[in-house]
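Here is the structure we will look at.
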Amino acid sequence: MLLFDDYKKIMLDKIKTIYSVQDNDMELGTNFGDFTLKIFKFKDNREEVYSRIKSSMDMEFIDRVELQGNYINFYIKSSKMLDTVENSIGTFGKYPNTFQDTSKALIEHTSSNPTGPIHVGRIRNSIIGDSIFRIIERYGTRSLTQYFVNDSGKQVISLYLGHIKYHKDEEMTVENLLDGYQKIYTNIDSDPDIKREVQELDEKYETGDNELIKEIQNTASIVLKSITDSLAKLGIHISTYVWESNFIMYGNVAQLIDSLSEDLKSEGKAKYIEIGDKKIFLTRQDGTSLYFARDLVYHMFKSENFDWIIDVLGEDHKDHAKNLDYVLHNYLDFPSRIDYLFYGFVSLDTGKMSTRKGNIVTVNDLYEKTVEESAAIIKQKRPEYSKEEVDKISNAIAASSIRYNIIKINANKPLTFRWDEALNFEGDSAPYIMYAYARACSLISKTGNTESSTEEYNEFEKALIKAMYVYPYYLQNSVDFLRADIIAGYILYLVKSFNEFYLNCPIIGNSEENKRMRIVRAFKKIMEDSADLLGIQLLEKI
RNA sequence: GCCCGUGUGGGGUAAUUUGGAUAUCCUGAAGGCCUGCGGAGCCUUAGAUUCGGGUUCAAAUCCCGGCGCGGGCGCCA
């Protein structure tokens, strides 16, 4: 929960004692006042409504109240907004302050099958998950992230078998494993032996051959390591891992199927549950379990320790999630709050991404090219920087840029990856944001820390102060709708306000220096706070 | 075919939940600022709500239909 001087709420509460208005009748103003109240429902006597509301607005933070058409616009004193931000930072080290929630949240994200490098499509999952995790933490809810490692099923068995068949005496490197995996897939249709071997291993695996399960876990963990290395480059660190095989090893899947037995129907030996006119199978004819059953077990497991479960899923999982949710709530008394966050697929401008056709861009490729490109620009713009500085900055730009370009798009929209956009560092981009921060830092390093108690602010100063003050409203919204793109939009708005201020308000040596530096120092803090939510790495020099 | 989602300037994108003022911002195009505290900047101009109906004082937003696009319809995951 966020704690700050919520002027909107204070005004609304007061207005509610006079007239019946809804919370959403008042919103943040854009061009017309700091806050604005819709009074269409009072339009027959709006003059009277206006004058009664106006005279009730006797709070100290009110600058003025105006009637414009069917709206009442409220202007807040900039000095009060700046005080609010500064006091909170001074007292609590952050604006807004938070009240620590007692509940615990678990965000499951990425969970890519450990059968290949992570590409720019899958990374959308990780970036959304990690940003939502950071936002919820910031909001005051204790959270962890979790990667569900899918190490059962034919895909991972093929990875294991590929190594045995094609690279048996070689070291288990990621390259060898992926090569063997590809070979299994290209040969499985023409070679009945391979099909049979996969089948045999699968049955052995499912009946709980713990020796085999462990060997396959080891194999998968090598590819998994390469995935988490890619994530780490973007500043994404998973708190916990859960191996799907553990649920088979410890018999949880069998238990679940037992406990549901009254609700299950059979077709031969295969068991299914009926939802509407659909049959959702939990086990196969041979008794082995299916994804749906294992996912039920996994969710029940998550709910044992967490009050709030968030799953980040590709939109191809929509039906699955709907059915899962239905069974969890109607047959299993699922105790936790659960949210499913879906995201649209990422395609390339050359068409759909396809591992088999080789039409993919891996995160490692993208990262390397972005580092290269930004390093070239830094060398040109700042030839005096050392190699270490160039390295540090270009890595920060690459991680920030990749994250920002993906998170700024509303998750449920499809996204087309384009190299020229990924490598554009102007306008709505991470370097634009990082640069504004560096400018602010440069000013701070050149000025002293002096007091100022001016009440008068020009339009640029006012706009920037307001942009800082409204941060909690954006944060609240992004938590309410579990949307990280709202924060991206906010940061861009904040930075634009700063750049306009910077160009129009000279500071060093100016008579307004002390007043303006108060604003700059607050801006620096809000930037650090908000950029961190998206994993944008701010540097004092860029 | 059926089900779910989506459609905003040349390209991308916000506002759509909760109907409300002049539809945001970026890019690209045309022009401009600046011996400037860091130009990865700032300003100006032109340019958009898929089509048809409906509800409403008011529709990008809600409802119905068409068309386009994405996803799903496995004893795969």
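Remark: A:Lys496 is in phosphate contact with B:C26, judged by side-chain N or O atoms under 4.0 Å from OP1 or OP2.
Atom CG of A:Asn477 is separated from atom P of B:U18 by 13 Å (rounded to the nearest Å). Rounded to a whole Å, the CD atom of A:Glu500 is 11 Å from the C1' atom of B:C25. As a whole-Å value, the separation of A:Asn412 CG from B:A14 C1' is 13 Å. In this structure, A:Ile486 places its CD1 atom 19 Å from P of B:U24, rounding to the nearest Å. The nearest whole Å value for the distance from the CG atom in A:Asn510 to the P atom in B:C37 is 12 Å. For the pair A:Lys195 NZ and B:C76 P, the computed distance is 12 Å after rounding to whole Å.
In this structure, the side chain of A:Gln217 does not engage the main chain of A:Ile213 through any donor-acceptor pair within 3.5 Å. Between the side chain of A:Ser374 and the backbone N or O of A:Val371 there is at least one donor-acceptor pair closer than 3.5 Å. Using a distance-only test at 3.5 Å, with no hydrogens or angles considered, a donor-acceptor pair links the side chain of A:Tyr147 to the main chain of A:Ser112.
Positionally, the nearest nucleotide of RNA chain B for A:Phe40 lies more toward the 5' end than for the other of A:Phe40 and A:Glu426. Residue-to-nucleotide proximity on RNA chain B shows that, of A:Arg439 and A:Phe32, the 5′-proximal contact is made by A:Phe32.
Closest to the side chain of A:Ile409, from the set B:U13, B:G71, B:A77, is B:U13. In this structure, of B:G39, B:G5, B:G11, it is B:G11 that holds the atom nearest to the side chain of A:Arg418. In this structure, the nucleotide among B:C37, B:A77, B:G71 sitting nearest to the side chain of A:Glu315 is B:G71. Listed candidates were B:C37, B:A21, B:C75. Nearest to the side chain of A:Ala270 is B:C75. Listed candidates were B:C42, B:A77, B:G7. Nearest to the side chain of A:Asn150 is B:A77. Considering only side-chain atoms of A:Asn410, the nucleotide from B:C42, B:A15, B:U27 that sits closest is B:A15. In this structure, of B:C37, B:G41, B:U18, it is B:U18 that holds the atom nearest to the side chain of A:Asn24. Side-chain proximity of A:Arg483 to the nucleotides B:C4, B:U8, B:U17 is greatest for B:U17. Here B:C4 is the nucleotide among B:C4, B:C25, B:C76 with the atom lying nearest to any side-chain atom of A:Lys318.
If you check the side chains of A:Asn150 and A:Tyr291, you find no donor sitting under 3.5 Å from an acceptor.
B:A58 and B:U18 are spaced 16 Å apart, taking the C1' atom of each and rounding to whole Å.
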